[in-house]
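Structure in structure tokens, see below.
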Number of protein chains: 2
Amino acid sequence: MAAEKSNGRTPTIKDVAKAAGVSQATVSYVLNNLNKVSPGVDAHVRRVARELGYSRNRAARALKTGRNNVIGCIMPSLLSPVFPEIAQAVQQRAEEHGFATFVIDSGMQTPAREAEAIRVLAEHGADGAIAVLGSPRTASDRPTLPLVVIDQPMDGMDGVYADHRGGGRLLAEYAIGLGHRRVGLLSGLQSLYSSRERREGFVDTALGRLDIVWEVEVPLTPNLPEAAVGALLRRDVTLIVCVNDLIAMVVLSALRQARIRVPEDVSVMGFDDMQWSGWPLLNLTTVRQPLGQLGRDAVDLLVRRLDAPDAEIANIVLPVSLVERGST
Amino acid sequence: MAAEKSNGRTPTIKDVAKAAGVSQATVSYVLNNLNKVSPGVDAHVRRVARELGYSRNRAARALKTGRNNVIGCIMPSLLSPVFPEIAQAVQQRAEEHGFATFVIDSGMQTPAREAEAIRVLAEHGADGAIAVLGSPRTASDRPTLPLVVIDQPMDGMDGVYADHRGGGRLLAEYAIGLGHRRVGLLSGLQSLYSSRERREGFVDTALGRLDIVWEVEVPLTPNLPEAAVGALLRRDVTLIVCVNDLIAMVVLSALRQARIRVPEDVSVMGFDDMQWSGWPLLNLTTVRQPLGQLGRDAVDLLVRRLDAPDAEIANIVLPVSLVERGST
DNA sequence: AGGGTCGATTTACACGTTTAAACAGAATCA
DNA sequence: TGATTCTGTTTAAACGTGTAAATCGACCCT
């Protein structure tokens, strides 16, 4: 063993080259798996590199290639239970592709914060990002970064989202099948694609077969506006349909407080099938959307885009399914 | 306006220098806020830079300085409600220091995954990391990365954690004050510092004044072992003390399912004061630990360490407080 | 034997910064 | 006035890679 460069510094490609008795270029070629070098040399270089504990300097190669192998993951909130589930999947899949992931909490859907998040990502060298966007407006500031949008189609960008409309339909059909007639509807902000679709799927199917006695549009944060609470307590429906599980959770809370029993006095349905919806405390009948799959598909789409910037825009729609539980 | 270099490329420091009629070095000095240049030139350079929409290339400066301005944030799980709360605070504070944050889900406390997370971070150029570690073992693989550990002291590393023992004491005192006598204890894995401290604080204070009728050691995942469920249903205590709110939540679930009422039939207490503990559905009496503050202090500690690698090891202990709610 | 091809390897430059060191004036001082 | 400090600015050398282009042999073909 001739040249152990065990001085403090972490070894560079130059050290490896010297130790292996070849040029830097050869080492580079080997380590990038371009099959440009003869098998013998290849093996030798690899061995030496391993022996020295060499690993390529990210900053240098990023500087040279313009690629950082880092993607961003912009979520409206990490405190809600559903986004972390997506973020986790994104991170794992990205890792498989050799990308690291920046998770950023954009602070619940203010367009300014979302634009800011994108800026921060770009500034920190992210190659692209996956985002759950709260506002359609953000589209106008066409970002400097390749973006894959989750939960809604957005023209000019790749997207992955669940079949919200189909989910709404499922809810309505299930309710009808159960013999409900008078229902209340807590729909999400209709400026959001997903909320709109869910609502329309439900309403269209319900038409003529369910009476929507009241409907209140609520923000997707975990507290109900006055109007919604009032409606809940009127007790003039046998079923309350919520735009998502988080809202359903708040509804269950409110009902509990008012000592209205579920499902004896009134039934409740949600949408998402978030992690806790299955627990006895909630036990929520809901529509399951494949959260992990959303994240994984988004990552795949993004790396495809990075490799081929001019590929045609893709939109993936994932199927949903009804999960029957005790709240109905 | 002479030199608008509006060809496609994003502008470099060289473009700015040329446009401003000074050298690259001057531009660099200005933009790094070393007060080396005269006010007039300074202002001029800044203006030109802004006009060109220039922003420094991270890869290049990372290459030169050996600093990436990126920190990692290793959490055992993002699905649990408490860690995202910390992660969010970490991210915000890091941003204030000019650092971006990698959030990594180490997959619930397996030492291998934790070591792997550190490796990934190092490989992706993180300058340091903040970690909630599940296993003490990880300490042995002394990481290549400056680390600040949250939730436990760890020799040789900076740490931030709450006064777990004091919290345990608070719980016991409150229980005594309420007139309880027979209590059940769901303690966490005693291999974890935080669980151990909480338990000891409680047990020491309870000594002779509370009967700990049964005690079961449970993992910190959201499902109870048989033994625990059995104990709950024995109904031989007036109070159940849980190692944290997540466990308490599961307990409430189980009790609900068994139609045991809280707090009429039995009281429940937790630890953490996570986001939902205050909701009517849980309404949990608990000990509040300042989750956000943990994250912020950890970041401060980390950047201090990065600036002064040889500073003495610091450990910050944060105070806790009792939050009275409806479950007792 | 001389030109031509081909594959393996090296040479050499570029990427966009930071920063020590050199430099040029101007101000200060003996 | 000439030597000395100071201040503001520039020059130039890195940092660790990737990769086009040049180089070098070895081999093949008339």
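Letters A, B, ... are given to chains in the order of the sequence lines, protein chains preceding strands, and every chain is numbered from 1. Heavy-atom basis, side chains included; hydrogens, waters and symmetry copies ignored. Being a predicted model, the structure only gives us computed values, none of them experimental.
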Seminar exercise, completed: Each nucleotide of nucleotides 10-18 of chain D classed B (base within 4.0 Å of a protein heavy atom), S (only sugar-phosphate) or -, in 5' to 3' order, makes BB--BBBBB

Exercise. Is atom CG of A/Asn35 surrounded by more than 12 heavy atoms (other residues, nucleotides or ligands) closer than 6.0 Å?
Worked result: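 12 or below, so no.
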
For this session: Check ring-ring contact (aromatic ring centres under 6.0 Å, His included) between A/Phe102 and all other residues, then give those that pass, not counting sequence neighbours.
Result: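 Partners of A/Phe102 under the ring-ring contact (aromatic ring centres under 6.0 Å, His included) test: B/Phe102.
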
Exercise. Roughly how far, to the nearest 0.5 Å, is CG of B/Asp151 from CG of B/Leu294?
Worked result: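 Answer for the CG-CG pair, B/Leu294 versus B/Asp151, is 7.0 Å.
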
Exercise. When you look at A/Tyr161 and A/Val317, which way does the side-chain contact (heavy atoms from CB on, under 4.5 Å) test go after all the steps?
Worked result: CA-CA 5 Å; A/Tyr161 45 95; A/Val317 181; 3.6 Å; yes

Exercise. Roughly how many Å is it from CG in B/Asn33 to C1' in C/dT18, rounded to a whole number?
Worked result: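 Interatomic distance, CG of B/Asn33 to C1' of C/dT18: 14 Å.
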
Exercise. With distance as the sole criterion, is a donor-acceptor pair present between the side chains of B/Asn68 and A/Arg58 under 3.5 Å?
Worked result: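 Side chains of B/Asn68 and A/Arg58: no pair found under 3.5 Å.
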
Problem set entry | Distance in angstrom units between B/Lys36 NZ and C/dA21 C1', rounded |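 Taking atom C1' of C/dA21 as the reference, NZ of B/Lys36 is at 10 Å.
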
